[in-house]
Amino acid sequence: MSQLRIIRIHNELLGTYGDQGNAEVLAFRAKHLGVDSTIIDISYDQLIPRDGDIYLLGGAENAAQLLSLEAMKRDNTLKDAISDGAVLLAVCAGFQIIGNTFWANDKKVDGLRLLDIETNAGQTERCVGDVVAHSSVFNLDLIGFENHAGRTVLGTSTEPFATVSSGYGNGDGKTDGAVQGNVIGTYMHGPILARTPALADLLIARATAQ
Amino acid sequence: MRLRISLLISRLAGFLSQKILRRSGETIQGKVLLTLYPNALATLSKNRSIVLVSGTNGKTSTTRGLAQLISQLGTTVTNKTGSNLDRGSATMLMQPSQYAVLEVDELYLPRLIAQTHPRAVLLLNLSRDQLHRMHEVQKVADRWRTAVAAAPDTTFIGDTDDPFVAYALSAAKMSIRVSFGGRTHSDGAVCPSCGIYLRWTNTNFACACGLTNGKADENRAPGPAAYRNAELANITGAALGAKPMTFDIKSFERAVEKTISGIPSSIRLVKNPASWSEALATVKGQNIILILNAREVDGIDTSWLWDVSFDALRGKKIIVCGERAHDIHYRLHVAGIENTQERSVASAFAHFAPTDHVEVLAAYTAFTQLVTP
């Protein structure tokens, strides 16, 4: 690989909860690891490039989440890039978008189906606060901050990203996020890679192993 | 009769809080009053002209300026200390006056509008802040809009360059739409009114649904937030008949000059991406202390640090401290801005000499601690 291409998708829409920092931490860790990298911002009007190594989605409010989904449905680029081995880290609203279905503005919406998950509208209290978790997939202790209404249920093709020891995670207080191959979803802000830079290193290792 | 007894007990509670706990006693009085007499805000607002000020940033200094303007017209009470929930307002209204100028928290604004029937409401701005409590900016804007629509006898004044304010104002029967131009909005990619992608042409927006910052009632030149808030205070004052004043813009910056540990310092309140960006644009010197806390009123999540560009600090002598010093230390470190992390505020100041001048940017709780005598 000549240069690690970090694709930050729809930052103007998916940038409400600070997750854009994930791109900066990836580039910073890559430099530390001796990997040349570049951050490419893709806005709502632009097509998502096929040749990315790590794709990033962040948290957003409902209307912005729907706009981002609509833009990503213009083609199959993200799906194709993932089948070629690219890594996708999706946080909060971004995590919900890449599932089978989710709820936004009182409507059930078809997602991108990159992760076998379903997110239901939260009937009770919103899940807000610090999260402490452990990811056995990555063998890492994690901390983050969650702020979401939806509750996510995992399908048979996915495994949890982490087990939660403090916080709501997917809503049951037991697990957070989901992993399916190189697709990783989580509710943890922080941004998650700033809180646990070791996860950034592991994502870089996966992306450069292609 | 019941109100009179409730007032007596509330004053007693305030007195005891001052004498025994040595607190200001401001919040407790209103809290007790609202418990004993839930309708107190409405009752105490009768026969009084009420003006409310709300927004993410600039509430306290703008309220102070506006109270100065309004006090030309008659006796005026105002909440000076930033106690801006319903209880703080109740405490202020316990004193008799012809006018009341009240700073109101964004989430409490609808309740205050419904209960106090204000003559005028000034809406400064809305952007992401304390999301653990506000959750979503759009939801706050929706609540504002509903409250505005339900108050046809109130004049709403607001800065329509902020799409969320423009959206709330568009429901008003009486409004003064002010535009300064010259800036965009960091949360302004989606139309708050119809949810489509909001198209900006330079610093103007005009959505297909009709939401726009064009066709303002009052146009002013672009400028920093402190200047804009002073202008908005004057426009609001004028709506009630007050003569405009020439303000020292510094007084609208929420900056305090003070010598701390022998070091001459200017201390500025910063609490969210918008206020950090405003403050960083005014940094002049080489000596910087950044204090980050994450208690309830600061916002318990620090993720938003990554929404702020700290480039203005590059190359300066920067000491970071506070309960979440590590978060800001790492954020700057990743941006390639070298800085030193200290355990306490005192040890941060120890990096400087009495001949230096230090610019301190402090989170709400740290700011309050530093500037309180």
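Here is how names work: the chains are called A, B, and so on, in the same order as the sequence lines, proteins then strands, and each is numbered from 1.
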Item checked: Toward chain B: residues of residues 88-95 of chain A with heavy atoms under 4.5 Å -> none
Check: So which of A/G21, A/A63, A/P197, A/P191 has the biggest tally of heavy-atom pairs under 4.5 Å with chain B?
Finding: A/P191
Item checked: Under 4.5 Å from a heavy atom of chain A, the part of B/V308 involved -> neither
Item checked: With sequence neighbours excluded, residues passing side-chain hydrogen bond (donor to acceptor under 3.5 Å, both in side chains) with B/S344 -> B/S347
Check: If you look at every heavy atom in B/V190 and A/L67, which pair is closest and at what distance?
Finding: CG2-CD1, 3.8 Å
Checklist line | All ring pair (Phe, Tyr, Trp, His ring centres under 6.0 Å) counterparts of B/F180, not counting sequence neighbours | finding: B/Y227
Between chain A and chain B, which donor-acceptor pairs sit under 3.5 Å apart?
{"unit_1": "B/R128", "atom_1": "NH1", "unit_2": "A/G15", "atom_2": "O", "d": "3.2"}
{"unit_1": "B/L131", "atom_1": "O", "unit_2": "A/N147", "atom_2": "ND2", "d": "2.9"}
{"unit_1": "B/H135", "atom_1": "O", "unit_2": "A/Y17", "atom_2": "OH", "d": "2.8"}
{"unit_1": "B/V137", "atom_1": "N", "unit_2": "A/E61", "atom_2": "OE2", "d": "2.5"}
{"unit_1": "B/Q138", "atom_1": "N", "unit_2": "A/E61", "atom_2": "OE1", "d": "3.0"}
{"unit_1": "B/Y197", "atom_1": "OH", "unit_2": "A/E12", "atom_2": "OE2", "d": "2.5"}
{"unit_1": "B/R199", "atom_1": "NH1", "unit_2": "A/D45", "atom_2": "OD1", "d": "3.3"}
{"unit_1": "B/R199", "atom_1": "NH1", "unit_2": "A/D45", "atom_2": "OD2", "d": "2.7"}
{"unit_1": "B/R199", "atom_1": "NH2", "unit_2": "A/D45", "atom_2": "OD1", "d": "3.1"}
{"unit_1": "B/S303", "atom_1": "OG", "unit_2": "A/G190", "atom_2": "N", "d": "3.0"}
{"unit_1": "B/D307", "atom_1": "OD1", "unit_2": "A/Q20", "atom_2": "NE2", "d": "2.2"}
{"unit_1": "B/R331", "atom_1": "NH1", "unit_2": "A/E24", "atom_2": "OE1", "d": "3.3"}

